[in-house]
J.: 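Input: one structure, supplied below.
Scope of the values below: all heavy atoms of this structure, side chains included, with no hydrogens, waters or symmetry mates. Fair warning: this is a prediction, and the values are worked out from it, not measured in the lab.
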Amino acid sequence: MALSPLRFLVMKLDDSSRRNELPKQSMLKFKSVAKYKSRILLYIHVSRNPSSRRSLHACKLKSSKSDSLGNMATTAAVFDSKSDRESDGGDNGNGKFPPGNGGGGGGNSSGGGGDEDDHDEKEFGPLMNFEEVIKVAESNGINLPEDMLEAAKVTGLRELILKRYMDLQKSGWVLVFLTRNFAILRNRLLADPSFLFKVGTEIVIDSCCATFAEVQKRGKDFWDEFELYAADLLVGIVVDIALVGMLAPYARIGKQTVASGGLFSGLKNYVAALPSSVFEFERPGCRFSAQQRLATYFYKGFLYGSVGFGCGLIGQGIANMIMNAKRRMYASEGDVRVPPLVQSAVLWGVFLAVSSNTRYQIINGMESLVEASPLAKQVPVVAMAFTVGVRFANNIYGGMQFMALSGMRGLSVFISEIRNCQNKEQERLRVDKELGHIRTRFKNEKGLTPYDKKKYVWKMLYIFMLGYDVDFGHMEAVSLISAPKYPEKQVGYLVTSCLLNENHDFLRLAINTVRNDIIGRNETFQCLALTLVGNIGGREFAESLAPDVQKLLISSSCRPLVKKKAALCLLRLFRKNPDIVNVDGWSDRMAQLLDERNLGVLTSSMSLFVSLVSNNHEAYWSCLPKCVRVLERLARNQDVPQEYTYYGIPSPWLQVKTMRALQYFPTIEDPNIRRALFDVLQRVLMGTDVVKNVNKNNASHAVLFEALALVMHLDAEKEMMSQCVALLGKFIAVREPNIRYLGLENMTRMLMVTDLQEIIKRHQAQIITSLKDPDISIRRRALDLLYAMCDVSNAKDIVEELLQYLETAEFAMREELALKAAILAEKFAPDLSWYVDVILQLIDKAGDFVGDDIWFRVVQFVTNNEDLQPYAALKAREYIDKPAIHETMMKVSAYLLGEYSHLLARRPGCSPKEIFGIIHEKLPTVSTPTISILLSTYAKILMHSQPPDPELQNQIWAIFSKYETSIDAEIQQRAIEYFALSKKGAALMDILAEMPKFPERESSLIKKAEDTEADTAELSAIKSRAQQQASNALVVTDQQPANDRPQVAQLAMVKIPSTNKMENNHADQEVTQSNGIIGEAELQNGDILGDLLSPLAIEGPPGVSGTETLSEDGALALAPVGEQENAVKPIVDIAELFYALCVKDSGVLYEDPYVQIGIKAEWRGHQGRLVLFLGNKTTSSLDSVHAVILSPSHLKLELSSVPEIIPPRSQVQCPLEVVNLHPSRDVAVLDFSYKFGTNLVDNKLRLPAVLNKFFQPITLSAEEFFPQWRSLAAPPLKLQEVVRGVRAMTLGEMANLLNSLRLIVSPGLDPNANNIVASTTFNSETTRSMLCLVRIETDPADRTQLRMTVASADPTLTFELKEFIKEQLISIPSRPPVPQQPQQPQPTTQPILSSDPGALLAGLL
C-alpha cells in the first residue's frame, strides 16, 4: 500500500550489540514542521531472529542548496543484499504493512520488495559483499573512495555500479581526478553514463544558437556590444549545466540518515523522498505517486528559478563591471546602455522556473523512454542522435519563448530611459537615437523578424505619443495588418489607426486586407478591422467597405461583439460620407436592430439611428414605436443584464440616446404611443432625486435632463411642465455645483415654453442667490436666466440686483453684466428718470465695461424728452462733483451739462462759472477723444452765459488758444472754430443752439439682443479679439533671451494693422467701399461681372491708385522684419525661400557661407510642429549661437533649447511647437545669431507659420456650397473687394496657386467659366474648425484686376483671409521703391488719426 506524499517510511537497523534487545515494534513520534499540522508516524520493524541480517533501507532524496554549482538532487539507488532477501520474505508484518515476497522495500513503498529486487538484480547485477568488492578492486588496481567502501561494508554494492566506476577510473586523467574528488559528478555518471554527453550537447547547441542570434540581432554593432553577448554566454553555460544536472538521476552510495530534529526536519525528509524528475515513476526499491511527481515539478521550478536568478546576478554583474570600466576609459554617446542587474536576474529566474523547468522535464522523460527501448540498448548511437535532435529543437523553441517572456523588454527599457531623462533635451537626444536605430533596422528588412518589427512599431507609437514626428515606418505598420497571427495584426491595426489619418496614401494598401478580415470568419480579426475603419475610415474606405459592414450588421450569424463594432463603424462612415453610404430602405433594418435584446448591440445601433434620423426623420417613422418600447423596457428594468445597470439605473446611455432620437421627430400624434411615452417620462421625473453617490447622480440626471428636453419638445401638458419646473427648483437649491448648473441651464430652456414664466418667477430669490456662487459658470447661467425671465413686473428688482452684484463681480463677467443691465433698463423701464439713474450708476460702477452705445442711448433719450433734461443735468452735476470719476462718466456728464446746465442756473453751485470750474478740473486727466467733447462743452457754456462773463470768457478763450496748435487734427479744428465762433457775440446763440431731437429709431442695444442667439459672453470675446487684432502695429522687443545674451531693443514689424473692428462696422463698410467693394445692391444684380468691369467700379479714391494702396499694405505685411548690416551676407534670396516655404512643409530657410537653416514642418488642425535644422558648413565650431522667437499675439510658440556651440560639419535639431490661437496674418520671427571668428552674424528671419498652414482642404458639392454661401449674406461675415495690380496669370495658374495655399478649387460650381470658387476649413483654438468660402471673378480682357468675395462665420477670419489671398495675388517686391510724387493737398475728409498706430506708421513710412 502506497503511503501519502506527506509521509515517508524509514526502516532502521540498530547495531549488532543491541539487535536482540529491541522490542517487536516501536513507534516514534516526530513533531510536524510549520507547514504541516498532522503528525508523521515512523514505524520501525525489527526482526525477531537475531541471527538474520535483514536490511531495512530508506529511500530518501537529498536536497541540495544550489543546483547551479553542481549540487544536484540525486536519486538514491539502494540495493538489498542477496542473503537478506533469501532469509526473510518480509511476511512478518504487524498489520500496518502487507506482507511482501522479499525483504526489499523502502522509500514510499510499503512492502512487497521481492519482484522489485529481481528487477534490480536483472538491471544492475547481483549485490556484492565487502570481500567481493575488495577483491575485484584489487584485481583492477583501483582504490575505492571511503563512501563506497563504507557502503560495501554495510549494504554491499551492485556489480554494475562497481564496473562503471572502474571504467571511469580507466578514462582520461581529467575525468579520473573529477570523479575521485567530486562525488556529485561521480554519482551522476554511475547512474547515467551519457550524462557528460548530454551536458556537452546542451552547452554546444545553446552557445552556437546564442552566438548566431546575437550576430544577427546586433549586426555591425556586435563587437561594440560584445560585453552583453559575453554576459549572456556566461550565464547560458552555467545554466545549461544546471538544467541537465538537476534532473539527471544519480546513484546513492551507502546508508542515508533521516533528519530527526529542527524546525524544518519534516520538510527536509519530505523533499528528500521526491523523485528526481516528474517522469521518474520508480527507482530501485521504491515507487512514486502522482502527487509526489507533481510536487517535484514545483520543487524543481523553485530550484531552477534560484539558479537563474543567481546566475543572472553573477553573469550580468561581471558584464556590467566590464562595460562600466570600458565606458570610463572610452566615453561615447553611442554606448549601449548598461542592462539593469536585478531586472535581468529576475527575468532569467522567472523564465527558468516556468519555461525551462517544463521543457526539460519533458525532455528528460523522452530521453528515458528512448534509452530504455531495445533499439537504443542495441545501438547506443540512436539514443545519442535523439538527444542531439530533441535538445536542438528545444533550444530553438526555448529562445522563441524567452523572447515572448521578455516580451517588449527593449520597449520597457526604452520607456524607463525616457522617464529618467532629466530635461527635454536629453529626452530629444534619446528619441533621435532610437529613431535612427529603428530606421536602420527597417532598411535591412530581410533580417527583421515579425517580433522585431512589432517591437519597433510599438516604439514608434510611443515616440509619437510623446509628441515627436514619426515620418517613417508607416509601411511597416501597415504591413503588420496582413500578418496571419493575432499579436502582429493587433499591433498593425492599433499603430496604423494612431499614426495615419484618413487621407494617408498608405491606407489604400490595406483596404483589401481590411476587407478580407471583415468578410472573414475570424471574429477577432473582424473586430480589429472594424475598429480601424471606425477610427480613421475615410472616403475610400466608405466606397469599398460600407456594403460589407452593412451586411455584417444585419447578419444573424454574427456575435453581439462584432455587431456592436459594425454599428459604430457604419456610424463613422455615414457621418464622414453620407453621400456614399447608401441607407435607402434601411427603415425596416433599423426597426429589426431596435428589436435586439442584447443591450450592447442596441446601444450601438441607437447611436447609428440618431445619426440617420437627424438626416432624414421622414424615412424612419416606423421605428418610433420601437424607440418607445425600448424606453418602456428600461424604465421598468425588464430584461436588463446586471453589467448594463449603472448604480441601479438601467443603461442610462441608451436612455439618453433614445430620448435624443425621439426629439428629431415632430410632435407625436398617435395617442397610444404618446400615452406610453409620457408614462415613461413621468416615471423618470418622479424617480429622480439627489443622492450622495456622485456617479449615480450624474447618470440619473443625464437621463432626467434629456427627458426634460423631450418634454419641452413634445409640448406636454401644463401639469407636467409645472412638475418639471418644480423639480428644477429643487436642483438649483442643492449644494452640488454640477446639479445647480444643469438646473439653471434647463430652467432657462423652459422659459421658451409659454405660460411657464410666472411659475419660474417663484424661484427668483434662489436664482439671485446663485449670482454669488463661487463657481463662475453657475454665476453666468444665473445671469442668463435672470436676463431671460425679466419683464415689467420684476425689472426693478432684477436690475437693482445686477447693479449691486456689479460691484463685486469679476472682470470676466462685468462687460456681459453691464450690457444686460443696460438692455433690461431700457426695455422694461417704468419711467425715464429711473432709466437715467440706472445707466449713470452702471457707468459709475463699471465704466471700463460700458460701451459707447450705452451712453449714446442715454443722450438720445434725454435729448428727445424735455421733461427729463433738468433731472439728467442735475444727476450729471452730482456725479461730476466726485473726486474721481470714470472717463465715460466724464463724457456723458460733460455733454449733458454743456447742453442743459442753463436749466440749473438758479440752483446753488450750478452757475456757468462754477460748472466750468468743476469740468475744467478734470481736463488734465482725460484722453484725447474726451478733450474734443470738453471743448464743445466749453463753447456751450460760453453760449449759455450771454452776455458773457469777461472772466469766464477769457478762461475759455485761453483754452481754445492752447489747443489751436494741438497735434490732433480733430482737437485743433474744434479749438480754432470754437474760438472764431465765440467772437460772433449774439450770433453764437443761434450757431450753438441746443441739439435737435434725434429721429425715432430702434435701439441698437435691443436690436443686438433680439437679432443674436449667441451667448453675450461669446460676443464679448469676439469683440475683444477683434480689438486685439486692430491694436499695436509694432512690437518692441527688449526682453532678455533665455541664454542671457544682451539684446539691443528694436522695433520689428511683425504685425499688420487690421481694420476689421466689430464696433465700427459702418465705418468699415465705407472704407472698403472706397477701395472698390461692391455694395449689397450690386450683389442683387445678376450680371455681377458686367458691373465689375464698368469704369465706375474700377475707380479708386481720388488721388490714390488702388495699386499703390495695395503695395503699401503688402509691403508692410511681407517686408523683412529688420535691416541688418552684417559682414556675412546670405548666398540665397531669403524672401524667395520664405515664399516657397509658405506653400511647402520642408526646405531651406536661410543659408550663408557658414550656416544653413532648414525647416521641416507638420501641421495638424490648429497645431503645428516645426523642426529647425541648424547646420554648420565649416570645419570650425560656431560659437555664441542664440535663437529667440519673436511671437505675435495669435501664435503660441515654444522653442526647445539651442546649443551655444555647433560642432564642425554637424547639424542640430531644434523642435518648435506652434499653437494657433485666433486668425491673423502676423508673422513670427526667428532672431538667429552666431559668431564665426570675429564676425558676429545676426539675422531676423520670418517663420512660415502663416495663415494657410492652418487650413484643412475640403471639397464641397453644389448642394453643400450654395446654402452656406447664402447663409453668410452680409458684412462683416462676407467681404468683397476689387483687387488691382494682380500678377497676370491664366485661370489654371490661379487655381494651382489657390490649391497650393490649401484652398481647394471646385470646378463647375460657378456657371461663369471665368470665375473660380474655392473652399477650405480654418483651424484655431478660438474658432475651432470653421468653413471658409472664396469666389474670384476675373476679366478675360484684363488679367491684372479681379473681384474677390470671401465668406466665413467669423468676421476676423473673413478679413484676414481676404487680405492674405490679396497679398498672394499681387506682385509685391520685398523692398518696395519709394515713388517720387509731387506733393498733393491731403483731403480733409480722411485725416490720419493719431490713435490708429497702423495709419501713423504708414504716414511715417
J.: So for atom CZ, which belongs to Phe1173, do other residues, nucleotides or ligands contribute more than 12 heavy atoms lying within a distance under 6.0 Å?
T.: yes
J.: Got a donor-acceptor contact below 3.5 angstrom from the Ser497 side chain to the Leu494 backbone?
T.: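 Yes, Ser497 side chain to Leu494 backbone: donor-acceptor pair under 3.5 Å.
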J.: Ignoring hydrogens and angles, tell me if any N or O in the side chain of Ser355 forms a donor-acceptor pair with the backbone of Phe351 under 3.5 Å.
T.: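 Looks like no, no N/O pair under 3.5 Å.
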J.: Taking Ser1180's backbone N and O only, do any of them form a donor-acceptor pair with Asn1176's side chain (distance below 3.5 Å, no angle check)?
T.: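 Present.
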J.: Is a donor on one side and an acceptor on the other found under 3.5 Å between the side chain of Tyr304 and the backbone of Leu243?
T.: yes
J.: Quick check for you: to the nearest 0.5 Å, what is the distance between Leu1195 atom CG and His1166 atom NE2?
T.: 11.5 Å
J.: Minimum heavy-atom separation for Lys1235 to Ser1184, with atom names?
T.: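 Here Lys1235 and Ser1184 meet closest at CB-CB, 4.0 Å.
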J.: Could Glu1162 and Arg1164 be called an ion pair, given the rule that one side-chain N must be under 4.0 Å from one carboxylate O?
T.: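 Yes, Glu1162 and Arg1164 are salt-bridged.
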J.: Is it true that, when you exclude Glu1198 itself, more than 12 heavy atoms of the residues, nucleotides or ligands shown sit nearer than 6.0 Å to its CD?
T.: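 Atom CD in Glu1198 is not packed in, count stays at 12 or less.
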J.: Hydrogens and angles aside, do Arg419 and Ser416 bring a side-chain donor and acceptor to less than 3.5 Å of each other?
T.: no
J.: Is the backbone of Asn535 close enough, under 3.5 Å, to the side chain of Arg572 for a donor and an acceptor to pair up by distance?
T.: yes
J.: Determine the sole option in Lys443, Lys455, Met460 for which the side chain to side chain contact (heavy atoms under 4.5 Å, CB included) test with Ile438 is passed.
T.: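 The side chain to side chain contact (heavy atoms under 4.5 Å, CB included) with Ile438 is passed solely by Met460 among Lys443, Lys455, Met460.
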J.: Quick test of your reading of the model: are Glu427 and Arg430 salt-bridged, counting only N-O distances below 4.0 Å?
T.: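 Not counted as a salt bridge, because no side-chain N and carboxylate O are separated by less than 4.0 Å.
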J.: Are the side chain of Asp469 and the backbone of Arg1169 linked by a donor-acceptor contact shorter than 3.5 Å?
T.: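 No, the answer is negative, given that no donor and acceptor are paired below the 3.5 Å cut-off.
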J.: Considering non-hydrogen atoms only, spot the tightest contact between Phe414 and Lys459 and give its length.
T.: CB-CE, 4.3 Å
J.: How close do Ser1181 and Pro1208 get, counting heavy atoms only, and between which atoms?
T.: OG-CD, 3.4 Å
J.: Between Asn522 and Tyr486, does the side-chain hydrogen bond (donor to acceptor under 3.5 Å, both in side chains) criterion hold? Intermediate values first, please.
T.: CA-CA 10 Å; Asn522 191 316; Tyr486 172 76; over 6 Å; no
J.: Looking at Gln526 and Ile518, would you say the former's side chain and the latter's main chain have a donor-acceptor pair under 3.5 Å?
T.: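 It does hold such a pair.
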J.: Can you tell whether the side chains of Arg1302 and Asp1145 come within less than 4.0 Å, N to carboxylate O?
T.: yes
J.: For Tyr493, which of Thr531, Thr513, Asp517 qualifies under side-chain hydrogen bond (donor to acceptor under 3.5 Å, both in side chains)?
T.: Asp517
J.: For Lys1177, is the NZ atom crowded, meaning more than 12 foreign heavy atoms sit under 6.0 Å from it?
T.: yes
J.: Does Asn516 use its side chain to pair, donor to acceptor, with the backbone of Asn512 at less than 3.5 Å?
T.: yes
J.: Side chains of Asp1183 and Tyr1234: is there a donor and an acceptor less than 3.5 Å apart?
T.: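 Absent: no donor and acceptor within the cut-off.
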J.: According to salt bridge (Lys or Arg N to Asp or Glu O under 4.0 Å), does anything in residues 473-483 pair up with another residue at least two apart or in another chain? List the pairs.
T.: none
J.: With side-chain hydrogen bond (donor to acceptor under 3.5 Å, both in side chains) as the test, would you mind laying out the steps for Tyr456 and Glu434 before giving the verdict?
T.: CA-CA 9 Å; Tyr456 292 134; Glu434 190 66 31; over 6 Å; no
J.: Which pair of non-hydrogen atoms, one from Ser544 and one from Arg515, has the smallest distance, and what is that distance?
T.: O-NE, 4.2 Å
J.: Check whether any side-chain N or O of Asn1243 sits under 3.5 Å from a backbone N or O of Leu1245 as a donor-acceptor pair, and report yes or no.
T.: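 Flag not set: sc Asn1243 to bb Leu1245 has no pair under 3.5 Å.
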J.: Using the side chain to side chain contact (heavy atoms under 4.5 Å, CB included) rule, take Asn1220 and Asn1323 through it: C-alpha gap first, then chi angles, then the decisive distance, then the call.
T.: CA-CA 8 Å; Asn1220 186 26; Asn1323 298 278; over 6 Å; no
J.: Could you check if a side-chain atom of Tyr1154 sits within less than 4.5 angstrom of a side-chain atom of Val1128, using non-hydrogen atoms only?
T.: yes
J.: Where the side chain of Glu488 meets the backbone of Tyr451, is there a donor-acceptor pair that is under 3.5 Å apart?
T.: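 No.
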